[in-house]
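Keep in mind that what you see is a predicted model, and the values were worked out from it rather than measured.
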Amino acid sequence: MSTGQIPPGGTYLDTLKRSFTDVPVQADKENAIPTTEFLEAAESLVSIFDVLGSAAFSPVKSDMLGNVEKIRQRFLAAPTESETLQDLVNNEQKAKENKAGQALLWLVRGLEFTCKGLANNVAAADQELSTSFRAAYDVTLKPHHSFLIKPIFSAAMSACPYRKDFYSKLGDDQDKVNAQLKEYLAALENFVNILKAFLDSKGIKK
């Protein structure tokens with residue numbers, strides 16, 4: 001979710017409703033992550049697929065937003081038991097349910113795919129986005145996708161815009177774009193690592 005227009009001297013990341021850099025982690029409470037803020041940041045990230053500018057990314061975007069909605073439904077059904085993502089999953093499991101937990105697992109996988117794809121590209125100044133995202137897909141989502149789903153995502157990788165066109169849409173000051181993107185991806189990677197470890201500890205792996 002993005003406000004759309006980049007402010008003067010700003011970057012695309014300045015338009016996000018919620019950045020992962022603004023989502024707190026409660027280190028004194030086993031890295032608890034607030035549910036509402038995290039879901040807002042995840043919804044905001046999904047708008048990056050609009051910047052990538054291809055209808056081929058629609059399935060990726062729809063899948064991630066669908067998982068956000070499943071988690072939000074659990075939150076709305078039991079808000080006092082779901083203030084953090086960890087509480088939400090723990091209390092859902094106590095109720096012998098796992099719908100939101102599974103949705104969080106797949107959302108984290110989608111976030112990791114996006115994070116690695118962009119991080120690969122930022123780290124390799126001469127690499128095209130299609131190469132960066134294909135490498136990210138191979139180690140994040142591909143091992144969990146069926147033979148029916150893999151071609152859909154493969155088409156999305158092939159439809160990535162040229163690197164120069166993508167970065168020009170992120171802002172005029174490329175040094176600022178690069179610095180903000182690195183900070184954003186570092187924050188996102190931290191959330192992915194925390195949640196992967198937590199979900200694994202809860203036996204949510206498929």
Point-to-point distance, once rounded to the nearest 0.5 Å, from CD1 of I48 to NZ of K169
10.5 Å

Just how far is it from atom CG of L45 to atom CG of L118, taken to the nearest 0.5 Å?
7.5 Å

Residues two or more places apart in sequence or in another chain: which of them pass salt bridge (charged side-chain N to carboxylate O under 4.0 Å, His left out) with D200?
K205

Sequence neighbours left out, what passes salt bridge (charged side-chain N to carboxylate O under 4.0 Å, His left out) with K61? Give chain and number order.
D50

Quick check on D172: does its CG atom have over 12 non-hydrogen neighbours (other residues, nucleotides or ligands) under 6.0 Å away?
no

Ring pair (Phe, Tyr, Trp, His ring centres under 6.0 Å) against Y137, all qualifying residues, sequence neighbours excluded:
H145, F153

Indicate yes or no for a side-chain donor-acceptor contact from S47 to the backbone of E43 under 3.5 Å, with no hydrogens or angles considered.
no

Qualifying salt bridge (Lys or Arg N to Asp or Glu O under 4.0 Å) pairs with a residue from residues 113-129, counting only residues at least two apart or across chains
none

Just by distance, do the side chain of S154 and the backbone of K150 share a donor-acceptor pair under 3.5 Å?
no

Would you give me the side-chain donor-acceptor pairs under 3.5 Å for residues 180-199, sequence neighbours excluded?
residue: Q180; atom: OE1; partner: T11; partner atom: OG1; Å: 2.3
residue: Q180; atom: NE2; partner: D14; partner atom: OD1; Å: 3.4
residue: N193; atom: ND2; partner: E189; partner atom: O; Å: 3.3
residue: K196; atom: NZ; partner: E112; partner atom: OE2; Å: 2.9

How many angstroms lie between CG in L107 and NZ in K70, if you round to the nearest 0.5 Å?
11.0 Å

Are any of the side-chain heavy atoms of V60 and F133 separated by less than 4.5 Å?
no

Any residue meeting side chain to side chain contact (heavy atoms under 4.5 Å, CB included) with E37, in chain and number order, not counting sequence neighbours:
R18, V23, P34

For residues 159-167, which side-chain N or O atoms pair as donor and acceptor with protein atoms under 3.5 Å away, sequence neighbours left out?
residue: R163; atom: NE; partner: A125; partner atom: O; Å: 3.2
residue: R163; atom: NH1; partner: N121; partner atom: O; Å: 2.9
residue: R163; atom: NH1; partner: N121; partner atom: OD1; Å: 2.9
residue: R163; atom: NH1; partner: A124; partner atom: O; Å: 2.9
residue: R163; atom: NH1; partner: Q127; partner atom: O; Å: 3.0
residue: R163; atom: NH2; partner: N121; partner atom: O; Å: 3.3
residue: Y167; atom: OH; partner: N121; partner atom: OD1; Å: 2.8

Any residue meeting side chain to side chain contact (heavy atoms under 4.5 Å, CB included) with A32, in chain and number order, not counting sequence neighbours:
Q26, K29, T84, Q86

Please name all residues satisfying side-chain hydrogen bond (donor to acceptor under 3.5 Å, both in side chains) with T36, sequence neighbours left out, ordered by chain then number.
none

Does F49 belong to the same Ile/Leu/Val/Met/Phe/Trp/Tyr cluster as I149, with side-chain heavy atoms less than 4.5 Å apart forming each link?
yes

Please report the shortest heavy-atom distance between I152 and P59, naming the atom on each side.
CG2-CG, 3.5 Å

Mind checking whether I71 and L85 have side chains closer than 4.5 Å, heavy atoms only?
yes

Return the minimal non-hydrogen interatomic distance between V89 and G101, and the atom names on each side.
CG2-CA, 4.3 Å

Flag, side chain of Q174 to backbone of G171, donor-acceptor distance under 3.5 Å:
yes

Roughly how far, to the nearest 0.5 Å, is the CD atom of E81 from the CD atom of E83?
10.5 Å

Side chain to side chain contact (heavy atoms under 4.5 Å, CB included) involving N98 - partner list, sequence neighbours excluded
E92, Q93, Q102, I204

Distance (rounded to the nearest 0.5 Å) between L105 CG and N67 CG:
9.0 Å

Is any side-chain heavy atom of L16 less than 4.5 Å from a side-chain heavy atom of L13?
yes

Is it possible for you to say whether L148 and F113 belong to one hydrophobic cluster, with membership spreading through side-chain heavy-atom contacts below 4.5 Å?
no

Which heavy atom of T35 sits nearest to which heavy atom of S82, and what is that distance?
OG1-O, 2.7 Å

Output all residues satisfying side chain to side chain contact (heavy atoms under 4.5 Å, CB included) with H144, sequence neighbours left out; order by chain, then residue number.
W106, R109

With side chains defined as the heavy atoms from C-beta onward, is the minimum distance between Q73 and K99 less than 4.5 Å?
yes

So the ring pair (Phe, Tyr, Trp, His ring centres under 6.0 Å) pairs with at least one residue in residues 61-80 (sequence neighbours excluded) are none

Can you see which heavy atom on G117 is nearest to which on A136, and at what distance?
N-CB, 3.3 Å

